[in-house]
There are 2 protein chains.
Amino acid sequence: MATISEVAERAGVSTATVSRALNGKDSVDPALAGRVLAAADELGYRPNGPARNLRKQETAVLALIISDVENPFFTAISRGVEDVAHDAGYSVVLCNSDDDPDKEREYVEVALQERVAGVLLSPAGRGDSAEKLRAHDTPVVAIDRPLPRSGGDTVLVDTRLAAREATLHLAEQGYRRLGCLTGPEGVPTADDRLAGYRDGLRAAGLDSGELVRRSDFKATGAAEAAHSLLAERQPPDAILVANNAMAVSVLAALDELGMRPGRDVGVVAFDDAPWTVLIDPPLSVVAQPAYDMGATAAQLLLGRIGGDHTETTVTTLSAHLVPRGSSRSG
Amino acid sequence: MATISEVAERAGVSTATVSRALNGKDSVDPALAGRVLAAADELGYRPNGPARNLRKQETAVLALIISDVENPFFTAISRGVEDVAHDAGYSVVLCNSDDDPDKEREYVEVALQERVAGVLLSPAGRGDSAEKLRAHDTPVVAIDRPLPRSGGDTVLVDTRLAAREATLHLAEQGYRRLGCLTGPEGVPTADDRLAGYRDGLRAAGLDSGELVRRSDFKATGAAEAAHSLLAERQPPDAILVANNAMAVSVLAALDELGMRPGRDVGVVAFDDAPWTVLIDPPLSVVAQPAYDMGATAAQLLLGRIGGDHTETTVTTLSAHLVPRGSSRSG
DNA sequence: TTGTAAGCGTTATCAA
DNA sequence: TTGATAACGCTTACAA
C-alpha cells in the first residue's frame with residue numbers, strides 16, 4: 001500500500017509537505033496542495049493509522065464494554081454512544097463481556113494495548129477494571145452499573161426508584177402477593193430492582209414473605225426461575241420482572257399454566273420493546289432511557305478525553321412506568 | 001505509560017531481549033526471562049499496540065459492517081463472528097452502516113486506514129466497497145447479501161427459496177390473496193424474498209395481482225406500508241413479511257383493524273424471535289441461521305487472512321419454515 | 001512556505 | 001543466547 005513518501009515523490013515535494021497538505025494545514029501553497037492531493041488520489045493513498053497513532057500518541061477510538069449485544073437495552077445504549085462518538089470523529093469498538101469478569105479483563109487489556117482514547121464500561125462483577133484503566137491514564141465512564149470499588153463518572157438509571165414505583169403500581173391495582181424475578185446477585189441493577197421491589201412492598205404495607213427468584217438476565221435461564229416462582233404453595237398474584245428477556249419466560253410460563261396476565265397474575269417488566277404491545281394483554285413495562293444513557297456517557301467520556309478535570313459526576317436518569325393491560329386490576 | 005526500554009533498563013537487558021521474553025520466544029535464558037517478566041509486571045507494562053502494528057505491518061482486528069445493531073438478526077451474526085474471531089486471537093470492530101452507502105464508505109475508509117486484517121461486509125447499496133478493500137489487499141467476505149458488482153467469498157441464506165416455501169405454505173393453508181411486505185428495492189434480501197414470493201404464487205397457481213409493498217426493514221417505516229396493504233380494495237388474506245421488525249407493524253395494524261392472524265389474515269415473517277411464541281396465535285416464521293452465518297463468514301475470512309488463495313466460495317445456508325398459529329388455515 | 005530530520009515503541013536482522 | 005541497530009510510516013520542531 002502506498003506510503004507518504006511515495007506520494008511525496010510523485011508530487012515532487014517532501015513528506016512533510018504531503019502531511020501538511022493532507023491534513024489541511026493552511027501554510028501550504030495551493031498549487032502544491034493540488035499536486036499532492038492528485039498524487040495521493042492516483043496512488044490510492046490511505047494514511048497508515050497505526051503509524052499516525054504511534055506518532056501522535058493518541059487514537060480516536062472508544063471502547064464500549066457491555067454484557068450482551070443481543071440485549072436490546074445494550075444495543076440502544078450503543079446507538080447513543082456511537083452517534084455522539086461519530087459526530088466527534090471517534091470510532092467505537094463494541095466488546096461483549098458476557099457478564100464474565102475474565103472476558104471483561106481481557107477486553108480491558110486490549111483497550112489498554114491499543115491505547116484507545118477512553119472506555120465506556122458496564123462492569124461485570126467486582127473486578128478492578130476501572131482502576132486498571134485509570135492507572136494507565138485511560139478515562140473511564142461507567143454505564144448502567146456503578147463501579148464496584150471506586151467512584152468515577154457514572155451514568156445510571158434510578159432503577160431502584162422505578163422498581164418501587166412499579167411495585168406500588170401493582171399494589172394499587174389490587175395485587176397482594178407480589179413476587180419478583182431479578183438478575184444475579186452482585187449485579188447492581190439486579191440488586192437495586194430487588195431493593196426497589198422491597199421498598200414498594202413496605203410502602204404498600206404488604207408482606208409477601210420471600211417471593212423472590214434470581215436468574216441470569218436471559219430468557220433460557222429465567223424459564224426455570226419463573227416456573228419455580230409460580231409453583232410456590234402460595235404463588236404470587238403479581239410479578240415484577242427485572243428485564244425484557246426474562247419477561248418472555250415469565251409470560252411463556254404463565255401461558256403454559258393457563259394463567260392470564262392482568263387477570264390471574266399482574267406483570268410488570270423492565271425495558272420496553274416493540275413486541276410488548278402485541279401480546280394480549282399488552283405488557284406493562286418500566287421504560288429505560290437507554291439511548292440517552294449511551295449518548296450522555298459518551299459525551300462525558302469525550303469531555304474527559306478532552307482534558308476536563310472537574311470533579312467526577314454521577315448522572316442518574318429516570319425510568320418511567322408504562323402501565324398497560326398486564327398490570328390491570330386482577 | 002511504561003515502554004519497552006524502561007522495562008529493559010529495569011531488568012538490565014536490551015529491548016530486544018525484553019521483546020523476545022515477552023513474546024515467549026524459546027531462545028531466551030529462563031533467568032533473564034524471569035527478570036523481564038518481573039520488571040514488566042512492576043511497571044505495569046503493556047506493549048504499545050500501534051507501535052507493534054506498525055512494525056509488524058498487521059493487526060489482529062476484523063471489521064464487521066452491518067446495517068443495524070438493533071436488529072437481532074445482525075446481532076446474532078455478530079455473536080458468531082465474535083466467537084470465532086476471539087478464539088483465533090482477533091478482535092472485532094462492529095460498524096453500523098444504517099444501510100447508508102455513505103456511512104459504509106466511511107467505515108471502509110476507517111478499516112483501510114487502520115489496516116484491519118479483514119472485513120466482513122453486509123453491503124448497503126451498489127457501492128464498490130469490496131473492490132476498494134481488495135484493491136488494498138484487504139480480504140473481504142460478504143455476509144447476508146452478495147457483493148453488488150464483483151464476486152468474492154460470500155455467505156448467504158437461500159432466502160428466495162425460503163420465501164417461496166413460506167408462500168406455498170400459506171397457499172396450502174387455504175389463503176388465496178397473498179400479499180408481501182418486503183424491504184427497499186435494491187437490497188438483495190428484500191428483492192429475493194419478493195422473488196421467492198412470486199415463485200410461490202406461480203407454483204401455487206395463484207395470481208394476486210400486485211399485493212406488494214416496500215418499506216425500510218424497520219418497524220416505524222413498515223407501519224404505513226402495512227396499513228396501505230390492508231386498505232386495498234381487495235385486501236390480502238395473507239401476508240409474507242420480510243423481517244421481524246416489520247412483522248411487529250403488520251401485527252399491530254391487524255390488531256387495530258380488529259383482524260386476527262391465522263383466522264382473518266395469515267402471516268409468516270422472516271426471522272425468529274423469543275416473543276413470537278407469546279402472541280396469540282404464535283407467529284409463523286422463517287428462521288435464519290444467523291449465528292452460523294457469522295461463524296462461517298469469520299472462518300472464511302480468517303482463512304483468507306492466513307493466506308488461503310483458493311478459489312472464492314459462495315456458501316448458502318438454508319433457512320427453515322417454522323409454521324405456527326398465525327398461518328393456520330384462515 | 002518548504003525541507004530536513006528526529007522520534008513515536010516495537011520487532012527483526014545481523015553480529016557478536 | 002544476547003545486544004546494537006535499522007526500519008515500520010507518520011507528524012512536527014527547527015532551519016532554511
Side-chain angles (χ1 to χ4, degrees), chain A residues 1-37 39-40 43-61 89 109-110 112-117 136-138, chain B residues 1-37 39-40 43-61 89 109-110 112-117 136-138:
Chain A
M1 196 172 301
T3 72
I4 200 172
S5 18
E6 301 179 66
V7 177
E9 189 176 10
R10 183 165 190 124
V13 298
S14 74
T15 61
T17 299
V18 173
S19 175
R20 287 189 281 250
L22 259 31
N23 288 300
K25 305 276 184 227
D26 42 358
S27 68
V28 50
D29 188 293
L32 279 197
R35 280 194 356 235
V36 168
L37 253 52
L43 293 170
Y45 172 72
R46 301 282 186 294
N48 181 308
R52 158 181 281 174
N53 294 338
L54 171 58
R55 170 62 224 231
K56 300 188 77 170
Q57 296 285 72
E58 65 181 48
T59 58
V61 177
E109 285 304 324
V110 174
L112 245 18
Q113 288 210 12
E114 295 307 319
R115 305 298 197 259
V116 301
H136 292 86
D137 297 315
T138 304
Chain B
M1 196 170 306
T3 71
I4 199 173
S5 17
E6 301 178 63
V7 177
E9 190 176 8
R10 185 167 190 120
V13 297
S14 73
T15 61
T17 299
V18 174
S19 176
R20 286 188 283 251
L22 260 30
N23 289 297
K25 305 277 183 225
D26 43 355
S27 67
V28 49
D29 186 293
L32 279 196
R35 283 203 343 243
V36 168
L37 252 52
L43 293 169
Y45 171 74
R46 302 283 186 293
N48 182 307
R52 159 181 281 176
N53 294 337
L54 171 59
R55 170 62 228 225
K56 301 188 76 170
Q57 298 284 72
E58 67 182 46
T59 59
V61 176
E109 285 304 326
V110 174
L112 245 19
Q113 289 208 10
E114 295 307 318
R115 306 296 197 261
V116 302
H136 292 86
D137 297 314
T138 304

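Just so it is clear, the values below take in all heavy atoms, side chains as well, and ignore hydrogens, waters and symmetry mates. Chain naming here is simple, since letters A, B, ... match the order of the sequence lines and numbering starts at 1 in each.
The OG1 atom of A:Thr3 sits 9.0 Å away from the CG atom of A:Leu43 when rounded to the nearest 0.5 Å. Going from atom CG of A:Leu22 over to atom OG1 of A:Thr15 covers 11.5 Å, rounded to the nearest 0.5 Å. In this structure, B:Leu112 CG and B:Glu114 CD are separated by 10.5 Å, a value rounded to the nearest 0.5 Å.
Nearest to the side chain of A:Arg20, among D:dT12, C:dT10, D:dA4, sits D:dT12. Checked against D:dG3, D:dT1, D:dC10, the side chain of A:Thr3 finds its nearest nucleotide in D:dC10. With C:dG9, D:dT11, D:dG3 as the candidates, the nucleotide lying closest to the side chain of B:Ala16 is D:dG3.
Taking only side-chain nitrogens and oxygens, B:Thr17 comes nearer than 4.0 Å to OP1 or OP2 of D:dG3. For D:dC10, the OP1/OP2 oxygens have no side-chain nitrogen or oxygen of A:Ser19 closer than 4.0 Å.
Looking only at side-chain heavy atoms (C-beta outward), B:Leu32 and B:Arg35 come within less than 4.5 Å of each other. Residues A:Arg20 and A:Val36 form no side-chain contact, since every pair of their non-hydrogen atoms from C-beta on lies 4.5 Å or further apart.
Side-chain N or O atoms of A:Thr59 include one that pairs as donor or acceptor with a backbone N or O of A:Arg115 at under 3.5 Å.
Counting to the nearest Å, the C1' atom of C:dG3 and the CG atom of A:Asp29 are 14 Å from each other. If you take NZ of B:Lys25 and P of C:dT13, they are 10 Å apart, rounded to a whole angstrom. Atom CG of B:Asn48 and atom P of D:dC10 are 17 Å apart (whole Å). Atom C1' of nucleotide C:dG7 and atom CD1 of B:Ile4 are separated by 16 Å, given to the nearest angstrom. For the pair A:Leu32 CG and C:dG3 C1', the interatomic distance rounds to 12 Å; values are reported in whole Å. Distance B:Glu9 CD to C:dG9 C1': 15 Å, rounded to the nearest Å.
Contacts between residues 49-61 of chain B and DNA chain D, defined by a heavy-atom separation below 4.0 Å, involve B:Leu54, B:Arg55, B:Gln57, listed by number.
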- Task: Report the C-alpha distance between B:Arg52 and B:Asn23 in whole Å, list the side-chain angles of each, state the deciding distance to 0.1 Å, and finish with yes or no for side-chain contact (heavy atoms from CB on, under 4.5 Å).
- Result: CA-CA 12 Å; B:Arg52 159 181 281 176; B:Asn23 289 297; 3.1 Å; yes
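Among the protein residues, B:Arg115 comes within range of no part of the nucleic acid, since none of its heavy atoms lies under 4.0 Å from any strand.
Position along DNA chain D of the nearest nucleotide to B:Thr15 versus A:Asn23 favours B:Thr15 as the more 5'-ward residue.
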